[in-house]
Amino acid sequence: MDILQLLYEGFLSAITVENIFAAALGALLGTVVGILPGLGASATIAIMIPVAFTLPSDSGLIMMIAVYYGAMYGASTTAILLKMPGAPSTVVSTLDGYPLAQQGKAGPAISITAIGSFYGSIISLLGVMFLTVPLSTFALRFGPVEYTAVMIFALLMAATLIGNSVLKGLFSIGLGVAFSLIGTDLQTGVSRFTLGIDHLLSGIDMIVVIIGIFGIGEVFYYLVTQRRGGKSGKRLALKGSLIPTKSDFKESIPPFFRGSIIGFVSGLLPGSGSTIASFLSYSTEKRLSKTPERFGKGAMQGLASVDTANNASVGGALVPMFSLGIPGSGTTAVLLGALMMYGVSPGPSFITSEADLFWTIVASAFIANVVLIILNLPLIPLFVKVLDIPTKYLMPIVLVIAVTGCYTLNGSFTDVWLVFLFGIIGFFMRVGGLSPAIFVLAIVLGEDFERYFRQALITERGDFTAFVTSPISLILLLVAVIVVSFDIFKTVKQKK
Amino acid sequence: MKVSQNKVTGLLCLLFSLFFIYQAFQIEPPPSATMDFLGPRGFPFIIGSQMVLCSLGILFLSKEEGNEDNVGLSELKSLIPYLLLILVFILLVPYLGMFIGLFLLTFVMVRIMEKGKIIQNLIVSVCVSFAIWIVFDILLNLSMPMWPSL
């Protein structure tokens, strides 16, 4: 069936009062939490998962995608007004956003980021529509050997792209996969790593891990570092008009185009996510600019490029998630975990077996973005008020919501113990320079990784050379090994 | 003597990896012969070995770089009261119920973070518990032990 026809049907399913309410609520909550410094999109989605589970699957997923987009929209507001990035991906937004606010242009700057975010999201959603189907069709040819290679490729690429140290990234992968093995081995019925605790026989609830690592871990980190004073600038007021001038628009339109493409392509690569997209887009604009000296001092095109790329990367990361079942970023790993909890397993057959759900999600993502742009522009002054809430109240509130949500998943206090345990693990991972995002990616993929690996060896009768005789597997493994070897070589050389 | 962050991280990672491999040894072999080449132990061994190698790499190969997320010992100590509070909360909440438990958790946590404004802190803590009760128990109809079990 024609893609546009399928999208139209997706819109018909998505446009219900319940779904639009879910999109609006998710967009609002995502924006509000995104504005708060410290809590990124992953933490926001993690905390919202138990609430989303009370809704029908389509409404719940729509809400979580809207939260994702909302958090991305909101994060730059803090960067502009406070010089404090609301998420790692908005670090670059502070470079020009804050100087613009100092020049009294906070309103137009926030509006340009909202428009850029909208544009980037829409372009990347078009990419999702047109790329997911062919990629899924191609992936239908994959057997366990190719799938194992895809898993290894995705995890190794994530290790090289997220974080500073490839060795710590690789350890984070191992740690995540190790935790995913806890429970009963589905192929033999043997229990593994349960330490005699019956509750662990069915494995660790992925959502508990996600809430612990991203939600509670962030709260712990804040509690420990709250007296540092931070690197934020003086909070600047949002005065004057919100409407950008003609020259602001003229300056921003080319970065909108380029940022959306750069963001989408970056999002496609497993692990690269929005942070790399924003840095790439910003440096490209600076290189192409006739006045590069203005960058860092309040260049509207710099700011426009960053936020467009940020949001475009969200769509890019959704493509491998839907077509291969491989999340493109830590946040999409959280989303994938939520999808699995609904009993939905994205992968090559997802687009055919769950076509209605896929197109409803795509249509809802369009709706969520329209809702966001409609709500965001007039409500910006109101959203900014969120920054007035003292963090001494905010962090306990986040903790309480996370704990309550976690309890409601299974009605078990063991999950409350576990969520704090994972909070502590998440905190120490961050302190030790390990990557919580890679850890979550690995814990989400771990079970499938082992299953495909074992299946591959069963079908190939224990012949490991199958991984290099399959061309797809060979290419993926070669690329991954070359990239990782290069990074390890660099680490060794630096040490000397 | 100053201990580097990579040495501490590497050592902890190594200890965990060795514990993981030890636990992998404890996995019982499957009850009957299968076509499964690796069995339930094989994959954990591979992952455990990979973690050991990475830990050794972190210990001996990683260059000490400034990790802005790193925290000092004094900062780390400031986490202890919160962890104790959480421990007490988890132990008591099945008896106190979520309403009182969450109220106490919020109130004590806010007090640890900042002294003073006791009335304001009390009101905020009650409001938080109340909001949780309304949203999760009443509106979302999620079964929760909100009240003390007698």
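No experiment lies behind these values; they were computed from the predicted model shown. Residue numbering restarts at 1 for every chain, and letters A, B, ... go by the order of the sequence lines.
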Out of curiosity, [X] [atom1] to [Y] [atom2], how far, rounded to the nearest 0.5 Å?
X        : Y        : atom1 : atom2 : answer
B/Gln26  : A/Ser191 : CD    : OG    : 11.5 Å
A/Leu170 : B/Cys54  : CG    : SG    : 4.5 Å
B/Phe43  : A/Glu447 : CZ    : CD    : 11.0 Å

Given that the side chain runs from C-beta out, which part of [X] has a heavy atom under 4.5 Å from chain A: side chain, backbone, both or neither?
X        : result
B/Leu83  : side chain
B/Phe19  : side chain
B/Ser125 : neither
B/Ala131 : neither

Pick one of side chain, backbone, both or neither for [X], based on which atoms fall under 4.5 Å of a heavy atom in chain B.
X        : value
A/Leu181 : side chain
A/Thr404 : both
A/Phe420 : side chain
A/Phe453 : side chain

Please identify, among [options], the residue contributing the most non-hydrogen atom pairs under 4.5 Å to chain A.
options                              : result
B/Leu12, B/Val128, B/Ile46, B/Val124 : B/Val124
B/Lys77, B/Met51, B/Gln23            : B/Met51
B/Pro94, B/Ser17, B/Gly57, B/Ser129  : B/Pro94
B/Val135, B/Thr9, B/Leu105           : B/Thr9

*Test B/Leu76 against A/Phe427 for side-chain contact (heavy atoms from CB on, under 4.5 Å), laying out the working first.*
CA-CA 11 Å; B/Leu76 213 51; A/Phe427 167 76; 3.6 Å; yes

Is there side-chain contact between [X] and [Y], with heavy atoms separated by less than 4.5 Å?
X        : Y        : answer
B/Ile112 : A/Leu223 : no
A/Tyr222 : B/Met113 : yes
A/Thr408 : B/Phe136 : yes
A/Val416 : B/Val93  : no
B/Pro44  : A/Glu450 : yes
A/Trp417 : B/Ile86  : no

*If every non-hydrogen atom of B/Ile58 is compared with every non-hydrogen atom of A/Lys168, which pair is closest and at what distance?*
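Taking every non-hydrogen atom into account, CD1-CG, 3.8 Å.
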
*Please name the pair of heavy atoms, one in B/Val110 and one in A/Pro396, separated by the smallest distance, quoted to 0.1 Å.*
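Result for this residue pair: CG2-CG, 3.8 Å.
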
*Kindly assign one of parallel, tilted or perpendicular to the pair B/Phe16 and A/Phe171, based on the angle between their ring planes and the thresholds 30° and 60°.*
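Ring orientation of B/Phe16 relative to A/Phe171: perpendicular.
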
*Residue B/Tyr22 excluded, over 12 heavy atoms near OH under 6.0 Å*: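 No.
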
*asked:* Walk me through whether A/Val403 and B/Phe89 qualify under side-chain contact (heavy atoms from CB on, under 4.5 Å).
replied: CA-CA 11 Å; A/Val403 170; B/Phe89 165 77; 3.8 Å; yes

*Would you say A/Arg192's side chain and B/Pro40's backbone share a donor-acceptor pair under 3.5 angstrom?*
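Checking the backbone N and O of B/Pro40 against the side chain of A/Arg192, a donor-acceptor pair under 3.5 Å is found.
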
*Do A/Phe193 and B/Phe20 have ring centroids that are under 6.0 Å from one another?*
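Ring centroids of B/Phe20 and A/Phe193 are less than 6.0 Å from each other.
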
*With a 4.5 Å cut-off on heavy-atom pairs, point out which of A/Ile397, A/Val400, A/Leu195 contacts chain B the most.*
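Among the listed options, the one with the most contacts to chain B is A/Val400.
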
*asked:* Between A/Leu399, A/Ile458, A/Asp185, who has the most heavy-atom pairs with chain B when the cutoff is under 4.5 Å?
replied: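 Top option by heavy-atom pairs under 4.5 Å: A/Ile458.
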
*Mind running side-chain contact (heavy atoms from CB on, under 4.5 Å) on A/Leu175 and B/Cys13 for me, showing each step along the way?*
CA-CA 9 Å; A/Leu175 195 64; B/Cys13 292; over 6 Å; no

*Under the side-chain contact (heavy atoms from CB on, under 4.5 Å) criterion, do A/Tyr393 and B/Thr106 qualify, and how do the steps go?*
CA-CA 8 Å; A/Tyr393 294 132; B/Thr106 315; over 6 Å; no

